[in-house]
Amino acid sequence: MGLRSESFYREPGMWGFIHRSFTKAMGYDDHDLGKPLIGICNTYSELNKCHVHFRELAAAVKRGVWEAGGLPLEFPTVSLGEPFVQPTTMLYRNLQAIDTEEMLRAHPLDGVVLLGGCDKTIPAQLMAAASVDIPALQVSGGPMLDGHSGAQVLGACTDCYRFTEAHAAGELDASRLAAAEDDICRSAGHCMVMGTASTMAVLAEALGMMLPGTAAIPAVDSRRLRACAASGRRIVGMVQEDLRPSCILTEDAFENAIRVLMALGGSTNAVIHLIAIAGRLGIPLPLQLFDTLSRSTPWIANLRPSGVHQMEAFYYAGGSEALVGTLLPLLHGGAGTCTGRTLAENYAGARVRMDGVIAPLERPLAAEGGIAILKGNLCPQGAVIKQTAASPTLLCHRGRARVLAAPDACPEDVVPGDILVLAGWGPVGGPGMPEVGQVRMPPALVRRGVRDMVRISDARLSGTSYGTLVAHVAPEAAVGGPLGLVREGDEILLDVGARRLELLVGERELARRAAGSTGPRPVAGRGYVGLYRRHVLQADQGCDFDFLLPEAAEGRPGPPSRQAREDGA
Ligand code: FES
């Protein structure tokens, strides 16, 4: 089979001696050293509440690896917990991806099980696995149980925004706010609405990199432990079959994942992450592809923040298995998966087990998918909007720009119909593209019953955000993008149906403003943040580092491009 561990342990002379004796020091013997060596990438951290149960999950994976005849060895990497990391986990997604990639390259692992969950962790791990291309299986930590406050079901962090906004507007007293704070997060696991973590778990499964039906199992449900053990058993089989990410992560797999994203009404962040993962394999995912697939994929998952239910109900209704099974007529059923079978074979028997959560294709919640891609002179390289979480009355809107100096610096005299513009918070400018695109609604307007306004930024959104929020405007203001040329009082047109985002200012005036601006700031700074700002790509290119794309690697050509394949090259 030519395993990496074989050459490591059978190396003649002193180094083989050292490799064997140092492994034996941990209690393993020659019998164990003959087994496939399986890494368990455990991102357990007490600085990441979403992963605090990962020791138990890793133990279950280990049990499965032993059962199937492998030798499991656990190792840590960077772990990113959304609320704990400042200024934003997105600044460090690439750091985790580099850490994971280099640990997989540096150690003699034959295969790896990747334990991730919180928003950036699964994307980082899949980026690494795609680059290293050893057999790899993703396991997610699963969502928290629903929060409950009396009869009310609570969801992080959609209700974090909702409750604090209502409190700021004087609609919710301090004691009810404190009660919600106590009641919302009641178990280990990631956020339990269809935010970025839930979305990326389901997409990892749709890509074929996670065992079918496992993405939505609640974090503390015993079935998750069983899924972990099954994953441990399966990775040994994948090593024996030499089933690598490059066999699974094909263009068809990414198209499947995009359709699933649209059907979920999933997180806008997934657009960036899918582009980055595909980019590691040299597979281009232009924003236009997302829009094309969105237009022909109905929204069927009635999940917050777009819909009404949460991950627990989603799982009881059949979860990822039922969702992918329902969508099969629209997917590339022949795509290969981690099971060694095709997607269609994996999901052929899937069925919806509860009404109201996953709609049938013939009676969808909306004819189009959750995310629309915008183009126009305000976003020449594109922007995103989650149309299913926006106010229908604002999807076509023309209004006066109100330019914010900072995310919490909303002008006092904002009126309903104004458009809030926040520039300078993109990948370079943020830095790290923080989730500040859901600019807080002005309390004075909330008190008057105004619940939503058009808000436009080059920042990102939390996957749990809701409202008419345009984000990921590219290129960002910090590298000279036109969002930085918007002035107070300019008119802006948003027309989601026509996919337009236009600054209604003449070209000559924009050229005058551009000539008068200081232009892109020179990017300096020491350490990782300096490296990040010098090398990060724009949102429409996945925010990966330019030097991590396959064309930057020596002697490792990527697969043929989509166009080359269509041309029969
Ligand atoms: Fe980890 Fe929300 S904080 S998924």
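Every number for a ligand or one of its atoms is a count from 1 in the order of the listing.
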Is there a donor in the side chain of Asp99 and an acceptor in the side chain of Thr77, or the other way round, less than 3.5 Å apart? no
Close side-chain approach of Thr88 to Arg460, heavy-atom, < 4.5 Å: yes
Tell me, which protein N/O/S atoms are under 2.8 Å away from atom 1 (Fe) of ligand 1? Cys50 SG, Cys118 SG
Residues Glu435, Lys120: salt bridge by 4.0 Å N-O rule: yes
Do Phe545 and Ile98 have side-chain heavy atoms sitting under 4.5 Å apart? yes
Under 3.5 Å, is there a donor-acceptor pair linking the side chains of Gln387 and Glu368? yes
If you count heavy atoms of other groups shown closer than 6.0 angstrom to CD of Glu56, is the number above 12? no
